[in-house]
Amino acid sequence: MTRYAYYPGCSLEAVGKPYDLSLRAVFGRLGLELQDVTDWNCCGATAYAAVDETTALTLAARNLSLAEAQHPGTDMVAPCSACYLVLRKTHRLLAEHAGLKADVDRVLAEGGGRPYQGGVTVRHPLDVLVNDVGLDAIAKRVVRPLTGARIAPYYGCQMVRPEGAGDDREHPMWLDDLFRRAGAEVIDFSMKVRCCGGMLMTTAEPVGRRLAADILAAAVDEGANVVVTTCPLCQVNLELFQGTLGKFAGRPLHMPVAYFTQLLGLALGASEREVGLPLNVVPLRGVLAPPRREALHV
Amino acid sequence: MSTGQAALDFSAGLLTTEHELRRRLLDDVARLDAAGKLARCQQCGTCTGSCPVSYAMDITPRGMIARVRAGDIDSVLASRSIWLCASCYACTARCPAGVPFTDFVYALKRLALARGGGSGRAFTDAFRATIGSLGRNHEPLFMLRYYARVGLLGLVKRTGTALRLLVKRRLPFLPRRIAGIGELRGILGRSAAAPRDAAGTRP
């Protein structure tokens with residue numbers, strides 16, 4: 001069984017709970033084991049970088065150091081795009097800049113922690129699925145093809161750039177390929193790497209609204225019936241404010257927004273409950289064609 | 001000294017001139033060699049064209065670099081532009097000269113905060129306080145802290161959203177601390193206890 005250290009990040013304990021549930025369901029069904037990193041802290045996200053560089057890097061490095069000590073030689077899965085970017089970037093910067101690493105290690109040690117040896121590769125679950133498991137292997141495990149789904153694959157920003165794991169930065173295809181193999185129709189989504197607005201929905205609402213509304217409107221206009229996301233902040237921005245965004249756009253912007261692991265989990269035979277679908281605010285009703293009985297008994 | 005001296009009264013040492021602002025900014029970005037990369041900017045505007053929020057900025061990304069290089073850091077620090085950057089990295093990914101512009105904006109944010117302000121202060125402080133008390137983010141506490149600073153009306157407007165999440169059990173009630181909070185506070189407290197002095201170094 002392939003093992004991964006697991007850094008869920010703050011969002012997956014709360015607003016991103018469906019992501020946590022569905023990720024575990026997908027990994028479980030594919031025989032991948034997730035081993036929790038104990039006592040992890042906030043990665044620092046984008047906000048801490050505005051406070052102090054060394055502190056922000058040390059916050060992230062403490063998590064890398066914990067994972068390294070608890071699960072040596074194991075890749076660490078970070079499903080939230082912000083965590084993924086921050087942790088990967090920290091790992092890279094510490095490898096490239098010896099002075100920075102000395103500063104960070106000193107602060108870690110002063111706090112009673114362990115210096116980071118540089119041994120953790122941070123992975124996004126999409127990368128693990130596409131490159132470790134492989135699309136062929138996943139296609140073989142699909143028991144409920146996602147017939148009826150017309151997916152807008154929404155990658156967002158921080159998973160693909162600048163610390164992405166090999167997918168194209170301007171026109172990534174991993175989600176597209178994955179869901180075609182899972183039996184869904186995937187639209188050629190024009191907004192796949194546009195910013196959802198991140199924290200602007202809170203700090204500069206008119207600007208944040210416009211970004212999120214543009215993405216939803218494109219999904220509607222380009223014929224999707226569901227958006228899949230890879231990041232909890234994108235999911236919240238696109239799902240939770242649809243009423244406001246519709247008013248802003250001057251037309252209804254109704255669109256289910258699911259984590260990619262939720263739909264993939266269903267395709268792999270997990271129940272709606274297992275993948276946390278009851279926790280979605282906009283229901284996925286009518287997105288998938290009803291399962292064909294004979295297909296389930298092959 | 002300029003007549004605007006009083007407005008440039010920093011908590012961590014007194015910075016009075018554009019010259020000092022420049023030195024301090026360059027010190028900050030020097031460790032990642034961002035300054036050297038900044039010098040390669042050819043003012044093509046790919047950053048501004050790629051930025052999804054440049055339409056709402058008072059100074060565009062290309063304009064920020066131009067002003068910094070021309071000796072007008074002050075107006076960039078006072079702009080709303082730096083606080084509109086949502087870290088999407090479109091500029092960084094596309095810059096033909098390899099300028100890590102997103103990281104440069106972080107440095108500008110740090111300098112603006114050190115100078116005491118900017119519209120991003122409330123958000124950053126609220127986030128910082130939440131992580132400092134718990135070790136992890138707790139959305140309700142974070143938002144309470146934030147809206148207590150910028151006006152509770154915003155919180156009222158968010159009630160519907162919060163209730164929808166609550167019904168779906170996607171908001172945690174009770175904040176929990178991580179076990180290593182002491183260690184974490186050691187890390188965080190360090191920057192509060194030992195702010196950069198005027199020379200940009202730490203004791």
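Proteins come first, then strands; the chains are lettered A, B, ... in the order of their sequence lines, and each starts at number 1.
- The OG1 atom of A/T203 sits 10.0 Å away from atom CH2 of B/W83, with the distance rounded to the nearest 0.5 Å.
- For A/E13, the part lying under 4.5 angstrom from a heavy atom of chain B is the side chain only.
- Proximity to chain A (any heavy atom under 4.5 Å) is shown, for B/A112, by neither the backbone nor the side chain.
- Closest approach of A/G197 and B/A86 over heavy atoms only: O-CB, 3.8 Å.
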Problem set entry | Step-by-step side chain to side chain contact (heavy atoms under 4.5 Å, CB included) determination, B/L188 to A/L59 | CA-CA 8 Å; B/L188 302 178; A/L59 266 179; 3.9 Å; yes
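- Within the 4.5 angstrom heavy-atom criterion, atoms from both the backbone and the side chain of A/L240 approach chain B.
- Atom CG of A/L57 sits about 11.5 Å away from atom CD1 of B/I187, to the nearest 0.5 Å.
- A cation-pi arrangement is absent between A/R169 and B/Y89 under the rule of less than 6.0 angstrom and at most 45 degrees off the ring axis.
- With hydrogens and angles disregarded, a donor-acceptor distance shorter than 3.5 Å links the side chain of A/D39 to the backbone of B/G180.
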For this session: Please lay out, stage by stage, how A/K89 and B/D103 fare under the test salt bridge (Lys or Arg N to Asp or Glu O under 4.0 Å).
Result: CA-CA 11 Å; A/K89 184 174 174 182; B/D103 290 337; 2.5 Å; yes
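- There is no contact between B/R121 and chain A, counting heavy-atom distances below 4.5 Å.
- At a heavy-atom cut-off of under 4.5 Å, chain B is reached by A/C157, A/Q158, A/R161, A/P162 from residues 157-165 of chain A, listed in order of number.
- For chain A, the nearby parts of B/A179 are the backbone and the side chain; heavy atoms of each come within less than 4.5 Å.
- Contacts of A/S11 with chain B are absent, with no heavy-atom separation under 4.5 Å from either backbone or side chain.
- With a threshold of 4.5 angstrom between heavy atoms, A/L93 approaches chain B through side-chain atoms but not through N, CA, C or O.
- For A/Q242, no part lies under 4.5 angstrom from a heavy atom of chain B.
- Contacts between residues 272-280 of chain A and chain B, counted as heavy-atom pairs separated by less than 4.5 Å, involve A/P278, A/L279, A/N280.
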